[in-house]
Amino acid sequence: MLKGIRVLDFSKWLPGQYCGMMLADYGAEVIKLESPKGDDPRRFTPQKAENMSYWHMMLNRNKQDVVVDLKSEAGVAKLKELLQTADVFLEGFRPGYLAQYGLDYTSVKKINPKIIYVSITGFGQNSHKPGHDLNVIGLSSLSCLDDGQDVALPDAQMSALMGATNAFATICMSLFNRTKTGMGRYLDVSMYAAALNMKLTGIAAMYGCAEQHCKPFSRVSHYYGVYRCKDGRHITVGTIEPKFWQKLCELLECPEIMDRQFDFEHEDELIKIIGDRFATKTLAEWLAKIGNEEFCVTPVCTMREALESELTAKQNILAQAEDKEYGTLHYIGYPVKISGFEQKQPKRAERLGESNGKF
């Protein structure tokens, strides 16, 4: 889909690397640029081999690796040479850092007016504040539950991945727009803005309830929440539709609450009734009782359970490849399937500077 597009991926952390991975997955020629010591994630644990962490190998598949030393005139000159032939330049440095080398957008567009220059940072170009995903989701309220009474820390780096996805989508839009206008673009991608944007339904509810003087509808409620089973495992209840709520009441053998789905004034009482009932059986016992019924009551799976599930098998999203040097490599593909396009078997991430001399 992106064959013929050349991307210079000069990102060091997850947001840029994930965006570059998606571009490479769909056929762009992605040249991964690294300093002589390599990106820090190369040394994350666990390691497949020295300077080849599993993290690095997943995110930098299908890319070619070139070392560029910004501390040397030759390194800066090499990068400027590469920029002349690039369609996309992807970077994740602090605002203003690349300007000292004449590599800011204003300078680069003089070298290549048609380039799509993409900066992914925690808080955008108007802020020098440092931060990683954990900081961003805290500051944006993305990790806040029950109006500050509790906190959730998702295993996925939500602001980083959403920032990367926003960058990917906007790059594709900018490339399309360039075919009509011939113009390059500067894309200022903020992980913080991405995190806030993910809260749009909650923000709408907050403003709406302030105007209507009503109690905000929480992300969780008695009919939309997570409950603990007898064995300590958890089960999710997403019975928004009345027909599903009725099936839940039948499952729990609680006919007395069947007409109280929208009784928000006594929500704590309803949560206790449902919670106490779920606590009488193990997760396996509840799943056996549910059987093949489909009404949005499902288990909270471990990562291994999810990967080994029938649902995952139907997605055809997992892949593995054999490499002469590194053995079996495991990958998870991009989640969108496009008719007439098949993703090829991933090419492993390269060693530091493996493609030096090719460009």
Heavy atoms of other groups near M258 CE, more than 12 under 6.0 Å:
yes

Can you see whether T282 engages R233 through a side-chain donor-acceptor pair at a distance of less than 3.5 angstrom?
no

Shared ILVMFWY cluster between I332 and F341, side chains joined below 4.5 angstrom?
no

Between the side chain of S174 and the main-chain N/O of I116, is any donor-acceptor distance below 3.5 Å?
no

CZ on F123 to OG on S190, rounded to 0.5 Å
7.5 Å

Check this for me: E294, atom CD, are more than 12 non-hydrogen atoms of other residues, nucleotides or ligands nearer than 6.0 Å?
no

Across all chains, not counting sequence neighbours, the ring-ring contact (aromatic ring centres under 6.0 Å, His included) partners of F262 are Y223

Over all heavy atoms of both residues, which pair between I120 and C19 is shortest? Give the atoms and the distance, please.
CD1-CB, 4.4 Å

Between E91 and S11, is any side-chain donor less than 3.5 angstrom from a side-chain acceptor?
no

Could you check whether atom CD of E265 has more than 12 heavy atoms from other residues, nucleotides or ligands sitting under 6.0 Å from it?
no

Any donor-acceptor pair under 3.5 Å linking the side-chain atoms of R185 with those of N177?
yes

Indicate the atoms forming the closest heavy-atom contact of L283 with C229, along with that distance.
N-CB, 3.7 Å

Is it the case that atom CZ in F176 sees more than 12 heavy atoms from other parts of the structure closer than 6.0 Å?
no

Decide, yes or no, whether a salt bridge links E350 with K347 under the criterion of side-chain N to carboxylate O below 4.0 Å.
yes

side-chain contact (heavy atoms from CB on, under 4.5 Å) assessment of I317 paired with Y334:
CA-CA 7 Å; I317 196 173; Y334 193 59; over 6 Å; no

Would a distance-only check, ignoring hydrogens and angles, find a side-chain to backbone donor-acceptor pair under 3.5 Å from D69 to P36?
no

Okay, side chain of N62, backbone of P346: is any donor-acceptor separation there less than 3.5 Å?
no

Honestly curious: do L139 and L200 fall in one hydrophobic cluster under the side-chain, below-4.5 Å linking rule?
no

Is a donor from one side chain sitting under 3.5 angstrom from an acceptor on the other, for H132 and N135?
no

Charged N-O contact under 4.0 Å between R42 and E50:
no

Transitive ILVMFWY side-chain link M22 to L90, under 4.5 Å:
yes

Check the surroundings of atom NZ in K199: do more than 12 heavy atoms from other residues, nucleotides or ligands lie under 6.0 Å from it?
yes

Check the angle between the aromatic planes of W286 and F278 and answer parallel, tilted or perpendicular using the 30° and 60° thresholds.
perpendicular

If you measure from OG1 on T239 to CD on Q246, what distance do you get to the nearest 0.5 Å?
10.5 Å

Close side-chain approach of F295 and L251, heavy atoms under 4.5 Å:
yes

Reported CZ-to-NE2 distance for the pair R94 and H128, which is rounded to 0.5 angstrom:
7.5 Å

L161 backbone acceptor or donor facing T165 side chain under 3.5 Å:
yes

Closest heavy-atom pair and its distance - C254, I273
SG-CG2, 4.3 Å

Would you check, one step at a time, whether the test salt bridge (charged side-chain N to carboxylate O under 4.0 Å, His left out) holds for R260 with E269?
CA-CA 11 Å; R260 298 179 63 186; E269 175 193 347; 3.3 Å; yes

Please check this pair: side chain of N166 against backbone of A194, looking for a donor-acceptor N/O pair closer than 3.5 Å.
no

Give the minimum heavy-atom separation between S127 and P95, together with the two atoms involved.
O-CG, 3.3 Å

Taking atom NZ of K243 and atom CG of L248, what is their separation to the nearest 0.5 Å?
15.0 Å

Going by atom types only, do N60 and K63 share a side-chain donor-acceptor pair under 3.5 Å?
yes

Would you check, one step at a time, whether the test side-chain contact (heavy atoms from CB on, under 4.5 Å) holds for Y26 with I338?
CA-CA 10 Å; Y26 283 110; I338 301 175; 3.8 Å; yes

More than 12 heavy atoms of other groups within 6.0 Å of K114 NZ
no

Joint hydrophobic cluster, L287 plus V300, side-chain heavy atoms closer than 4.5 Å
no

Parallel, tilted or perpendicular: which fits the ring planes of F89 and F10, with parallel below 30° and perpendicular above 60°?
tilted

Side chains of Y105 and L98: does their closest heavy-atom pair fall under 4.5 Å?
no

Using 4.0 Å as the upper bound for N to carboxylate O, is an ion pair formed by E285 and K289?
no

At their closest point, which heavy atom of L103 faces which heavy atom of S107, and how far apart are they?
N-CB, 4.4 Å

Distance-only, no hydrogens or angles: does the R43 side chain make a donor-acceptor pair with backbone N or O of N51 under 3.5 Å?
no

Near K230 NZ, under 6.0 Å, is it more than 12 heavy atoms from other residues, nucleotides or ligands?
no

Distance col, row F93:CZ vs Q100:CD, nearest 0.5 angstrom, shows 10.0 Å

Quick one about D65 and S355 (side-chain donor to acceptor, distance below 3.5 Å, no hydrogens or angles considered), yes or no?
no

So, are K32 and D39 salt-bridged, with charged N and O less than 4.0 Å apart?
yes

Please assess L23 against L2 for the test side-chain contact (heavy atoms from CB on, under 4.5 Å), listing each intermediate value before the final yes or no.
CA-CA 7 Å; L23 292 165; L2 295 174; 3.8 Å; yes

Would Y18 and Y331 show up in the same hydrophobic cluster when neighbours are defined by side-chain heavy atoms closer than 4.5 Å?
no

Evaluate side-chain hydrogen bond (donor to acceptor under 3.5 Å, both in side chains) for R6 paired with T85, printing each intermediate quantity in order.
CA-CA 7 Å; R6 172 173 283 188; T85 63; 2.8 Å; yes

If you measure from CZ on F359 to NZ on K78, what distance do you get to the nearest 0.5 Å?
8.5 Å

Can you see whether Y186 engages S119 through a side-chain donor-acceptor pair at a distance of less than 3.5 angstrom?
yes

Is E305 reaching over with its side chain to a backbone N or O of T302, donor-acceptor style, under 3.5 angstrom?
yes

List the steps and the verdict of side-chain contact (heavy atoms from CB on, under 4.5 Å) for L329 and R61.
CA-CA 10 Å; L329 303 176; R61 65 199 189 207; over 6 Å; no

Distance-only donor-acceptor check, side chains Y101 and K71, under 3.5 Å
yes

Check this for me: E73, atom CD, are more than 12 non-hydrogen atoms of other residues, nucleotides or ligands nearer than 6.0 Å?
no

Using modelled atom types only, decide if a donor and an acceptor are shared between the side chain of D9 and the backbone of V30 within a distance under 3.5 Å.
no

Minimum heavy-atom distance between K48 and T328, given as atom pair plus value
NZ-O, 3.0 Å

Classify the side-chain pair S53/Q47 by whether it contains a donor and acceptor separated by less than 3.5 Å.
no

Donor-acceptor contact below 3.5 Å, side chain W245 vs main chain I240:
no

Check whether any side-chain N or O of Y227 sits under 3.5 Å from a backbone N or O of H222 as a donor-acceptor pair, and report yes or no.
yes

